[in-house]
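Order of listing sets the numbers, starting from 1, for every ligand and every atom in it.
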Amino acid sequence: MAVGVVGGAGVVLRLGVLASGRGTNLQAILDACARGDLPASVAVVVSDRADAQALERARRAGVPAIFVDPRGRKKADFEAEISRILREHGVELVCLAGYMRVLGRTFLREWEGRVLNIHPSLLPAFPGLEAQRQAWDYGVKVSGCTVHFVVPEVDAGPIILQAAVPVLGDDTPESLAARILEQEHRIYVEAIRLYAEGRLRIEGRRVVILPPGEPRVRPEHLPPRQP
Ligand code: GRF
C-alpha cells in the first residue's frame with residue numbers, strides 16, 4: 001500500500017457507502033453528518049441487495065440509494081458499475097458498512113488508500129464471518145472492533161482505530177455483538193473524521209495518526225485513477 005498522507009481537510013469529504021444489510025453503521029455516519037459532527041456527507045449508498053435496510057435508511061436521509069444486481073454477470077463488470085456510480089457521485093472515500101462481498105483487485109487498485117471497512121473483532125484475531133461468535137466460542141476475555149484500510153486480502157489492511165470490549169461472564173454471542181456494535185458506530189465515525197482531516201499517514205502496515213492542526217492538502221497523486 002502507498003505511503004503518504006491520505007484524505008484532506010478544508011472541504012466536505014464526499015462518502016460512498018457500500019452496504020448489504022441492516023445499515024446501522026451507515027446510520028451512525030448519516031447521523032454524524034446531519035449533526036454537523038463530521039466534515040463529510042454521504043453522496044451515495046450502493047447495495048448488492050435490493051432489500052437491504054441500508055437502502056431504506058439512505059432514502060429516508062435524502063441520499064441516492066442504488067441497488068446494483070450482482071446476478072448473471074461477471075464480478076469485474078459488477079464492480080466496474082459500482083465504481084462508475086461512485087465516480088459519478090464525486091465520491092472521495094468509500095466506506096464498507098456490512099458489505100458482504102470481497103472487493104476485487106481492479107476495484108481496489110482504482111480506489112487504493114480510499115476504502116475503509118469496519119470489522120467486529122480486534123484484528124488480526126477473528127477475521128471473516130461471524131467474528132463476534134468466533135471470539136465468544138474461542139473464550140477470549142476481550143474482543144472489540146477495528147476500522148482498517150481495505151486491501152485485497154480479507155480483513156488484513158492497515159489498522160486505523162480499534163476499540164476493546166470486555167467479554168462478560170453471562171454474555172452470549174448476541175449480547176457481545178450488541179456491545180461491540182455501539183463501539184463500531186463510535187470509532188467508524190472517528191476514523192472517517194481523521195481521514196477527512198488529512199490526519200492519516202500510511203507507512204506500510206502502520207497507520208500514523210497525525211496531530212490536529214493546520215489543514216493538510218490532498219496530495220496530487222491521490223485523485224481517483226481511471227480504470
Ligand atoms: C457490523 O458488525 C460490521 O462490523 C460488519 O458487518 C456488520 C454490519 O452491521 N462488517 P450494520 O449493517 O452496519 O448494522
Side-chain angles (χ1 to χ4, degrees), residues 15-34 37-38 40 42 44-61 63 65-68 70 82 93-104 107-108 111 114-138 140 142-167 171-193 195:
L15 308 175
V17 179
L18 305 191
S20 304
R22 64 187 169 177
T24 66
N25 278 285
L26 164 67
Q27 191 66 55
I29 296 166
L30 288 167
D31 292 348
C33 293
D37 279 358
L38 201 53
V42 180
V44 65
V45 174
V46 178
S47 184
D48 58 332
R49 296 190 55 125
D51 60 352
Q53 207 188 329
L55 289 175
E56 191 46 45
R57 292 179 191 270
R59 284 185 208 107
R60 239 186 291 137
V63 169
I66 300 175
F67 163 58
V68 180
I82 294 179
L93 178 67
V94 180
C95 298
L96 308 187
Y99 182 66
M100 298 305 286
R101 288 170 191 274
V102 177
L103 289 166
F107 182 97
L108 290 174
W111 294 91
R114 303 160 177 275
V115 186
L116 306 188
N117 183 45
I118 176 91
H119 183 77
S121 75
L122 292 176
L123 290 171
F126 312 123
L129 296 176
E130 295 201 57
Q132 308 94 327
R133 179 173 291 277
Q134 290 185 53
W136 187 84
D137 283 345
Y138 196 92
V140 294
V142 179
S143 192
C145 49
T146 303
V147 184
H148 62 93
F149 284 102
V150 175
V151 295
E153 297 73 33
V154 175
D155 298 329
I159 290 170
I160 302 170
L161 291 176
Q162 294 185 301
V165 175
V167 182
D171 259 335
T172 60
E174 293 72 26
S175 63
L176 175 62
R179 288 203 317 289
I180 291 175
L181 192 61
E182 287 174 23
Q183 297 304 313
E184 292 184 33
H185 297 164
R186 184 177 65 75
I187 67 169
Y188 210 177
V189 168
E190 186 55 29
I192 294 168
R193 183 200 324 282
Y195 185 98

- Run the salt-bridge test on Arg179 and Asp171 with the 4.0 Å N-O cut-off and return the result as yes or no. yes
- Task: Would you check if the side chain of Thr146 reaches a backbone N or O of Leu123 as a donor-acceptor pair within less than 3.5 Å?
- Result: yes
- Task: Measure the CG-CD1 distance between Leu55 and Ile66 for me, rounded to the nearest 0.5 Å.
- Result: 9.5 Å
- Query: So which protein heavy atom does atom 12 (O) of ligand 1 come closest to, and at what separation?
  - Reply: Gly23 N, 2.8 Å
- atom 10 (N) of ligand 1: which protein heavy atom is closest, and how many Å away? Ile118 O, 3.0 Å
- Item | Identity and distance of the protein heavy atom lying nearest atom 8 (C) of ligand 1 | Gly98 CA, 3.6 Å
- From the list Val17, Asn25, Val115, Leu116, side-chain contact (heavy atoms from CB on, under 4.5 Å) partner of Leu96 resolves to Val115
- In this structure, which one of Thr24, Ile118, Val189 forms a side-chain contact (heavy atoms from CB on, under 4.5 Å) with Glu184? Ile118
- Query: Which of the numbered atoms in ligand 1 are below 4.0 angstrom from a heavy atom of Pro120?
  - Reply: 2 (O), 4 (O), 5 (C)
- Task: Looking only at protein heavy atoms, identify the closest one to atom 4 (O) of ligand 1 and say how far it is in Å.
- Result: Glu184 OE1, 2.7 Å
- Ligand-residue contact atoms, ligand 1 with Arg22, heavy atoms, under 4.0 Å: 9 (O), 11 (P), 12 (O), 14 (O)
